[in-house]
Every structure is written in C-alpha cells, then in structure tokens.
4 protein chains.
Amino acid sequence: MIEFRVETTSGIAPYRQIAEQVRHGLRLGILDVGDQLPTVKEVVAMVAINPNTVSKAYRELELEGLVEGRAGIGTFVTRTLAGPSLAAHGELRRTLLAWLESARRAGLDDASIDALVEHAFHDARQDGVA
Amino acid sequence: MIEFRVETTSGIAPYRQIAEQVRHGLRLGILDVGDQLPTVKEVVAMVAINPNTVSKAYRELELEGLVEGRAGIGTFVTRTLAGPSLAAHGELRRTLLAWLESARRAGLDDASIDALVEHAFHDARQDGVA
Amino acid sequence: MIEFRVETTSGIAPYRQIAEQVRHGLRLGILDVGDQLPTVKEVVAMVAINPNTVSKAYRELELEGLVEGRAGIGTFVTRTLAGPSLAAHGELRRTLLAWLESARRAGLDDASIDALVEHAFHDARQDGVA
Amino acid sequence: MIEFRVETTSGIAPYRQIAEQVRHGLRLGILDVGDQLPTVKEVVAMVAINPNTVSKAYRELELEGLVEGRAGIGTFVTRTLAGPSLAAHGELRRTLLAWLESARRAGLDDASIDALVEHAFHDARQDGVA
DNA sequence: GTGGTCTAGACCACC
DNA sequence: GTGGTCTAGACCACG
C-alpha cells in the first residue's frame, strides 16, 4: 500500500502533494493498474487532513484518467505511467544514492543538496531545449 | 546578475519561488555579500509579475537577515548561505550532470527523473534519520 | 457574456451543468479564446448556488486546459473547441428548428421530443459504430 | 425486450438512467400495457450494476403508477405514456435521422451535435414560454 | 475584489 | 462503509 506524507511547510497545497505522490508511484511502478489506493478515511488517518482534501486529489487524478473511484469499494488505478525505461531505474537509483552519499561526505546539508540538484537540473533542461 | 523564473502552474506562490531562488543563489555562491539583487522593476520586466509580489519576496528575505533594502538604491545581500562545502560543488555538479545524462540515455523523461530523484532523496533522508 | 442556467431537478450535479455549458459555448463559437467567463460572484448572483460549486466547475475546465483563472482578474478562455464545421452550424440550426416546429405541430410535448431525439441519436451512434 | 444501458461517466445516478429509459420506452410505444420489464437479475446481467439499484428504479416507476411489481413473477407495465402523436413518430424520426446525417456530412462530431441540439432546443423552449 | 484552498458538516447514491 | 456532492465560512496570494 502506497504511503502518503504531507509537508505543510512546503507551500504546496496538500491535495497537490497527494496527487503528485500517486503519479510518482505510477511512474516508478510502485502502483500498477488494478491496485487500490488507500480509502479517503485511511489517508485521513495517515496524514491528518480533511477528507475533502483527499477527495479533491483523487478527483483530479480521476479527471486525468489515472484512477477510477467506485462507490462503496474504493479508488483504483486504471492507467500506469511507467514506461519501458522502468527496467533501468534500479541501476540509476543506485548511482544516484551513491552521488547523494558523496555529497553528504563533502559536507553538504539537505538544503545545499536541494539547491545543487535543482540548479543542475534546470540548466540541463535548458541545454536540452536549446 | 541572478535570473528569476516563475512557474505559474506549479502551485507554489510566486513570492516563495523568488525567495527560494535567492536562497539557492546564496547557497551556491552565485550571490555573495554586497551583491545587489535585481530591483523590483527589473524583476517585473524579467518574469511579468506584480511588483507587490516581488516586494513581498524581498521583505521575507530581509526578515531572515539575508538581504537589506536601502531606500532609493536597491536590495543588497548581507549574509551568504554558502558553507565550506562550496569547493566541492564543482565536482559534485559534474557527476550529477553525468548521472542525468545517463538517465536520459536510458529513456527517462523529465517527469520520470523527477519521480526517481524525489523518491531516492526521500528514502535517503529517512535512512539518515533512522 | 455567456449565461448559465442550473436545473436542480435534472439529477445532474450543478458544477457539471456549469462546466458543460461552457464547453458548449466553446464548441458553438459563443465563447472564444481570450473571452472572460463570468466571475464566481456573478455566477452566484445569476443562478443562486454556492461559490465553491462554481469554482469547482471552473477548476475542472482549467484542468482540461480550456480556461485559465487569474487571481484578482477573473477566468479566461484559453482554448476553443469550435471546429471547421462551425460555418455549417447556422444552416443546421435552422433545419433543426424547423423539425422541432413540425414535431410540435404533430402534437408531441417536450418529453416525447426528448425521448424521440435521444432514441434516434442513440441508434444513429450505434449504426455509426457498427 | 427493452434494453438498458448505463453510462457511469455521465454523472447521472444509474437508477435514474434506468427509470428514464423505461419512461422513454413507454412514450415511444416500445413498451405497452401488460409488457414485462426485464427482471432485476436480467438487468444486472445486461449492465453490470447492483440489484438494489435496479430495484430502486423499478420502485420509483411503481410509485409513479407506471408499472406494477408482482412478487415472484416480475414487473409489468400498467400504464403507457404514448399519446395520439405516436402515429407521427415514424415520419419525424426519419426526418431527424436525415438531419443527423447532414450534420455528420458537414463535419460535426457527436459533441458538437449535442451542443447544437441542446442549444437549439433550449432556445425553442424559451420562445415557446415567452 | 478575485480566485485558490482548507475545514467542517451534511446528504445522497452505490455496494 | 465508500465515494460524490453541496453548503458555509475562513484564510491566503495576487492585482
């Protein structure tokens, strides 16, 4: 069962965080077609937010055609976002974690790592576009 | 001169995006003590947002003691966030860009890369905490 | 300015009725790119429903990429659904109204006309599919 | 035997869709006094919904005095909604299908046809009322 | 003032 | 019990 976390200090609307975490799960193969999402009540118990906020996230995913709510049963995945590249994730993940470890050893804290990553990715995308 | 970008679709308040980009610049050594931030007018010309929004971002940074507004002149950096680890950034950045390149070659699109990175980092932090 | 109507007896959720009427307007050329939708408050004054219900309709349209809400200004059309067939609408509309008139003269009430239309259209779609 | 269809995406409660389709049948002469409706089990096999939902639709029709449930046997039509205009339906239907065909030839898709029909009918009723 | 979001509580439809 | 919807009231970000 996928687990949700909500950072109230991030400035990102909780319903967006929930929806994004589902999309990430679909992309990483953690969630697959037919899987059931936690019920609204279960999410509420998990992260202490209002049921309507969870419903809003699920409704948005439903409009995107990713999940389907079935009254009285729950909400289920109807489409995955995982591509053929999924097989490569394991190796990439290992390399990335190794990089993270080296950054930590070099004395970078989480905020610095975030800054470095976001900056590098932004530049790379610019290059890709150019 | 630091450049700002604002993603209106991200769901993050524009003033937060501006402030965060300044903090990143301070952390990465792109901005240093004494440097002048773009004036409100310059930012407005750069990213097409309301001047009040820019002022709000600068005010927040001033409250954090990172910058100082001098009436009629501009806003200046008073404190940096770059640590001793700054020297290691160049090498880390190169390795990270290489990783990014390998992810692209493996067929991952931006969204998948985001998902992978966020997931790996979250796990790593959990481990660190544990 | 497009006008909304909400039938509370139809069994269709009001927010769906609002959204559908906007889509129809986009399809019939009544609404075009750049046009402003009524503000939430104006709609509330028009049809006496809760502001949140209107927001829900507009948000759904925004997720579909049809409109864009700009804080402090209003909600604006960003994409039309009108196709090249738009030019033919005038003539088709006239013929359809003539048919309606003949049905009325033959003694059909609104309910019978609805039944006849829905039945004919359903059959026609089946044939089209087959 | 009348056939039912249920659109789960329409936002209309399934029990309303079933009941409405029976009323349409009564209006178009497809169902007549004495005819038996499909049993709940048959409907369930036809459209894959919960038996309770079918029962609710039949109960509503019974309250309207249109059908009568006979325990252990089935549900039977007790009143028709077809008027004297029924004789004219054939010709009207043919003309309507011809109109539909011309709309298709003009390049309109189903959604555009829906928009045009609903808009024209709404206007016509307004005129009639006025 | 406008849209965006969250909370709280309620009712309905479906299983 | 589960999701879907509406109402009411509140706060925030933006212009």
Side-chain angles (χ1 to χ4, degrees), chain A residues 6 8 11-18 36-44 48-63 67-76, chain B residues 6 8-19 44 48-57 60, chain C residues 6 8 11-18 36-44 47-63 67-76, chain D residues 6 8-18 44 48-57 60:
Chain A
V6 171
T8 57
I12 303 176
Y15 88 93
R16 275 177 184 264
Q17 296 185 39
I18 299 283
Q36 179 175 4
L37 294 184
T39 67
V40 171
K41 289 192 177 175
E42 284 169 342
V43 178
V44 166
I49 57 178
N50 189 286
N52 288 338
T53 304
V54 183
S55 292
K56 188 172 181 179
Y58 282 9
R59 205 184 315 127
E60 186 164 304
L61 293 167
E62 192 160 12
L63 286 172
V67 308
E68 184 190 34
R70 300 182 204 152
I73 309 184
T75 304
F76 297 82
Chain B
V6 171
T8 57
T9 61
S10 68
I12 303 175
Y15 85 93
R16 272 177 181 264
Q17 296 186 39
I18 299 286
V44 165
I49 59 177
N50 190 289
N52 292 334
T53 305
V54 183
S55 299
K56 186 167 183 178
E60 189 166 283
Chain C
V6 171
T8 56
I12 303 176
Y15 88 92
R16 274 177 184 265
Q17 296 185 39
I18 299 283
Q36 179 175 7
L37 294 184
T39 66
V40 170
K41 289 192 178 175
E42 284 169 342
V43 177
V44 165
V47 295
I49 57 178
N50 188 286
N52 288 338
T53 304
V54 183
S55 293
K56 188 172 180 177
Y58 282 8
R59 206 181 316 129
E60 186 164 304
L61 293 167
E62 192 160 12
L63 286 172
V67 307
E68 185 190 33
R70 300 181 204 153
I73 310 182
T75 305
F76 297 82
Chain D
V6 171
T8 56
T9 61
S10 68
I12 304 175
Y15 86 93
R16 272 178 181 263
Q17 296 186 40
I18 299 284
V44 166
I49 58 177
N50 191 290
N52 293 334
T53 305
V54 183
S55 299
K56 185 168 183 178
E60 189 166 284

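Numbers restart at 1 for each chain; the letters A, B, ... are given by sequence-line order, proteins then strands.
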Nearest nucleotide by nearest heavy atom, which residue falls closer to the 5' end of DNA chain E, C:G69 or D:N52?
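First, find each residue's nearest nucleotide; the 5'-ward one identifies C:G69.
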Go nucleotide by nucleotide along DNA chain E from the 5' end; which of D:P14 and C:E68 gets its closest nucleotide reached first?
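In this pair, the answer is C:E68.
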To the nearest Å, give me how far apart [atom1] ([X]) and [atom2] ([N]) are.
X	N	atom1	atom2	value
A:F76	E:dC15	CZ	P	12 Å
A:I49	E:dC6	CD1	P	8 Å
C:L37	E:dT2	CG	C1'	13 Å
A:E62	F:dT5	CD	C1'	13 Å
A:Q36	F:dT2	CD	P	9 Å
A:I18	E:dC6	CD1	P	10 Å
C:Y58	E:dT5	OH	P	16 Å
C:K56	F:dA8	NZ	C1'	15 Å

When all nucleic acid strands are considered with a 4.0 Å heavy-atom cut-off, which category describes [X]: base, sugar-phosphate, or nothing?
X	result
A:S55	nothing
A:R16	sugar-phosphate
C:E42	nothing
D:Y15	sugar-phosphate

Looking at F:dT7, I'd like to know if its phosphate oxygens (OP1 or OP2) sit under 4.0 Å from a side-chain N or O belonging to C:T53.
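C:T53 to F:dT7 OP1/OP2: side-chain N or O found under 4.0 Å.
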Would you please confirm or rule out a distance under 4.0 Å between OP1 or OP2 of E:dT2 and any side-chain N or O of C:K41?
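Checking E:dT2 against C:K41, a side-chain N or O does come within under 4.0 Å of OP1 or OP2.
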Would you compute the distance between atom [atom1] of [X] and atom [atom2] of [Y] and round it to the nearest 0.5 angstrom?
X	Y	atom1	atom2	answer
A:L63	C:R59	CG	CZ	10.0 Å
B:E60	B:K56	CD	NZ	8.0 Å
D:N50	D:Y15	CG	OH	14.5 Å

Nearest to side-chain heavy atoms of [X], which nucleotide of [options]:
X	options	result
A:T39	F:dT2, E:dC6, F:dT7	F:dT2
A:I73	E:dA8, E:dA13, E:dC15	E:dC15
A:V40	F:dG3, F:dC6, E:dT5	F:dG3
A:A13	E:dT7, F:dT2, E:dT5	E:dT5
D:N50	F:dT5, E:dC15, F:dG15	E:dC15

Going by purine N1 to pyrimidine N3 plus the second Watson-Crick contact, or the G-U wobble pair, all under 3.5 Å, which nucleotide sits opposite E:dC14?
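For E:dC14, the partner nucleotide comes out as F:dG1, under the 3.5 Å rule.
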For DNA chain F, whose closest nucleotide is more 5', that of A:T75 or that of C:P51?
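Upstream on the strand: A:T75.
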Closest-nucleotide 5' rank along DNA chain F - winner of A:R59 and A:A71
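Here A:A71 is the residue nearer the 5' end.
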Would you confirm whether D:Q17, through its side chain, and D:I12, through its main-chain N or O, come within 3.5 Å as a donor-acceptor pair?
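Yes.
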May I ask you to decide if A:G69's main-chain N or O and A:E62's side chain share a donor-acceptor pair within less than 3.5 Å?
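Yes.
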Any non-hydrogen side-chain atom of D:T53 less than 4.5 Å from a side-chain atom of D:I18?
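A side-chain contact is absent here, since even the closest heavy-atom pair is not under 4.5 Å.
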